[in-house]
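Working notes, structure below.
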Amino acid sequence: MAESVNFIEQIINEELEEGKFERTGNKIITRFPPEPNGYLHIGHCKSLCINFGVKDKYQGECNLRFDDTNPAKETEEFAQSIIDSLDWLGFQYDRILYASDYYDKMYEIAEKMILDGNAYVCDLSAEEITETRGTLTEPGKESPYRNRSVEENLKLFREMKEGKYADGEKVLRAKIDMASPNINMRDPILYRVAHVSHYRTGDRWCIYPMYDFAHPIEDAIEGITHSICTLEFEDHRPLYNWVVEHAGFEAPLPRQIEFARLGITNTVMSKRYLKKLVDEGKVHGWDDPRMPTLAGLKNRGVPPEALKSFCNLIGVSKANSECQYSYLEACIRDYLNANAERAMAVVDPLKLTITNYEGEEDVEFDINQFKPELGKRTVRFGKTLYIDRNDFSLNPPPKYFRLKVGGYVRLKSAYIVRCDGYNTDENGNVTEVLCSYVPESRSGNDTSGIKTKGVIHWVNAETAIDAVIKQYEPLLKDAEYAGQDFSERMNYDSEHIFYGKAEPYLAETMEKSFQIMRTGYYKSCMDGDKFCLSEIVSLKDNFNK
RNA sequence: UGGGGUGUCGCCAAGCGGUAAGGCACCGGAUUUUGAUUCCGAUAUUCGUAAGUUCGAAUCUUGCCACCCCAGCCA
């Protein structure tokens, strides 16, 4: 099948054909430019896949650049978390850069713009600027400071830099068009005064460039050919181009291309809400497994490959869309299915005694992994076992394939057993299931002729280890946080903890959190993708549907 | 109401004037020691809508409708 070419690649192909980048050896360079003001989430993964996808496709380059131009919100911790996430996903950036490293150059360009008569210092207050900006339908009014002389502008701007003015007292504005139908072009602010210490530059600066001024310059400095961003910046493109042109860079100039950001059903993705959940202690932190952050997803055991395949499968377009969560789950399942090792475990242990098992000693079997190439492991069969409580029913509904009194079921990879009875406590709760096994039904060597529709998990009571099994619901939209779109699944904070039993095979990594993914039939994995306990949970879920 | 975008199956999404790819979900059926996997098969006479151009349109033109974004000294 021919590899699909998304619309961004189509644009690049056309430009390449036109010879737009011949002067620079047809090198295509992209960048991933997060602001270190929070952790990356799955939406960023889409952006990463697009930017690094272009890099790979054209054997180009991709920079990781921190867009750190607003010191009030940015921290070293966030920057580090972003680096960690990229490393985890396996994206290899060509260089790591910081917008804050360009402050001198940006300042220089600002002075050039003043010299060229393209920028001026404005004394209007924030409120006054808002008022004179006009509305969607009415043009704005020109600032009374718009026609200051170059000399005065230069002097004032230098004073801004030197700290002579308080926050909000003066700003540097581009001189474009107060009557533009595009509000972004109505003399946008280029620099503001902010006596805030920056996590990298400290107190060296008290004026900071605005995104619309800084971003195009950052791209141009780095020789970015394609500046890929989300749809809400479409209206900023004319300004982006204006800045690049008036800053005096040489062709090929960077080109901004916008795509639709990722939306996932019932998932909070706005950094503002995620931050609120963290700040208010609704979750354990940015890396809480219920969070849609990359760090959270990692802690849930989502393999990075699954995230990337998801982002690649959903495609790139300009249509606002929202993917169903099940699509992500399918990608996770697909990856786990092919790569995860499996072991048996029971979430809610129920004792099962094999009354006719005579052997004094337990018997060990070597069994193949689901994918034989993943090797074998050893399980120990014996007289006393545990099965999951959900795999035994006193009042089985029609089509119940698992254990019921008088019925047969296969203990996976071992023997077929028949349920002869059970014991209860004083309250009538089942405490033990009594079975007899069929000796000639040994797995792989079955001559019993008995067919069972049900196959259940079990663990040996002697050797089983205690397992803490956590099930996490994804972080869902909540009326309180999203303001709308209620759903009956409004349990954004559900974290279910079970104390189960598992094969000793799992012992080595037991200290690490042991999770069951809520992903349809397949549910579990532990410490990344090493183990998948799909079996038990799949049975449970099927029963519920 | 100004400007910028977007509308193809329940959800993503190809398609770029020659007669609707693919994936997810769903539904059949086969295999199965995970009710999983795998495997086959079904599934848009139709592309927001109404006209027009054309031998021929989802693709071109025009009008209309719906939804999203923009009035931070945030990014």
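Owing to the predicted nature of the structure, the values given are computational and were not obtained by experimental measurement. Chain A is the first sequence line, chain B the second, and so forth, proteins listed ahead of strands; every chain is numbered from 1.
- Atom P of nucleotide B:U33 and atom CZ of A:F381 are separated by 18 Å, given to the nearest angstrom.
- Looking at heavy-atom distances under 4.0 Å, A:L124 makes contact with a base.
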* Apply side-chain hydrogen bond (donor to acceptor under 3.5 Å, both in side chains) to A:R261 and A:H44, showing your working. => CA-CA 9 Å; A:R261 58 157 24 118; A:H44 292 105; over 6 Å; no

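- The aromatic ring centroids of A:Y103 and A:Y208 lie less than 6.0 Å from each other.
- Taking atom CZ on A:F233 and atom P on B:A75, their separation rounds to 9 Å, with Å as the unit.
- Between B:G5, B:U1, B:U33, one nucleotide has an atom nearer to the side chain of A:K318 than all others, and that is B:G5.
- Between B:G28 and B:A51, the two C1' atoms lie 42 Å apart (nearest whole Å).
- Straight-line distance from the CZ atom of A:R261 to the P atom of B:A75: 15 Å, rounded to whole Å.
- In this structure, A:K161 forms a cation-pi arrangement with A:Y107, its terminal cationic atom sitting closer than 6.0 Å to the ring centre and no more than 45° off the ring axis.
- Pair assignment for B:A44 gives none, since no Watson-Crick or G-U wobble pairing has each distance under 3.5 Å.
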* Can you list the steps and then say if A:D219 with A:Y240 is a side-chain hydrogen bond (donor to acceptor under 3.5 Å, both in side chains)? -> CA-CA 10 Å; A:D219 287 341; A:Y240 180 96; 2.7 Å; yes

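- A:R133 comes within 4.0 angstrom of sugar-phosphate atoms only, judged by non-hydrogen atoms across all strands, and of no base.
- Straight-line distance between the C1' atoms of B:U43 and B:U54: roughly 32 Å, to the nearest whole Å.
- With 3.5 Å as the limit, one finds no donor-acceptor pair spanning the side chains of A:D446 and A:S441.
- Comparing B:G56 with B:G18, their C1' atoms are spaced 7 Å from each other, to the whole Å.
- Using P as the reference atom, B:U46 and B:G4 are 34 Å apart when rounded to the nearest Å.
- Between A:N70 and A:Y211, the side chains place no donor N or O within less than 3.5 Å of an acceptor N or O (distance only, hydrogens not considered).
- Between the side chain of A:S413 and the base of B:U33, no donor-acceptor pair under 3.5 Å is found.
- With ring centers used as reference points, A:F157 lies under 6.0 Å from A:Y191.
- Nucleotides B:C60 and B:C47 have their C1' atoms positioned 16 Å apart, rounded to a whole Å.
- Between the C1' atom of B:A71 and the CG atom of A:L239 lies a distance of 15 Å, rounded to the nearest Å.
- For A:N182 against B:G4, a side-chain-to-base donor-acceptor contact under 3.5 Å is absent.
- Picking from B:C70, B:A13, B:C16 the nucleotide with the shortest atom distance to the side chain of A:A319 gives B:A13.
- The gap from the C1' atom of B:G10 to that of B:G5 amounts to 25 Å, rounded to the nearest Å.
- Nearest to the side-chain atoms of A:A330 among the listed nucleotides B:C24, B:C73, B:C12 stands B:C24.
- Atom C1' of nucleotide B:C73 and atom CG of A:N184 are separated by 15 Å, given to the nearest angstrom.
- Taking atom CZ on A:R333 and atom C1' on B:G23, their separation rounds to 13 Å, with Å as the unit.
- Within residues 63-71 of chain A, the residues that have a heavy atom under 4.0 Å from RNA chain B are, in order of number, A:D67, A:T69, A:N70.
- Using a 4.0 Å heavy-atom criterion, one finds that A:I314 contacts the sugar-phosphate atoms exclusively.
- Looking at A:E232, its side chain has no donor and acceptor atom pair within 3.5 Å of the base of B:C70.
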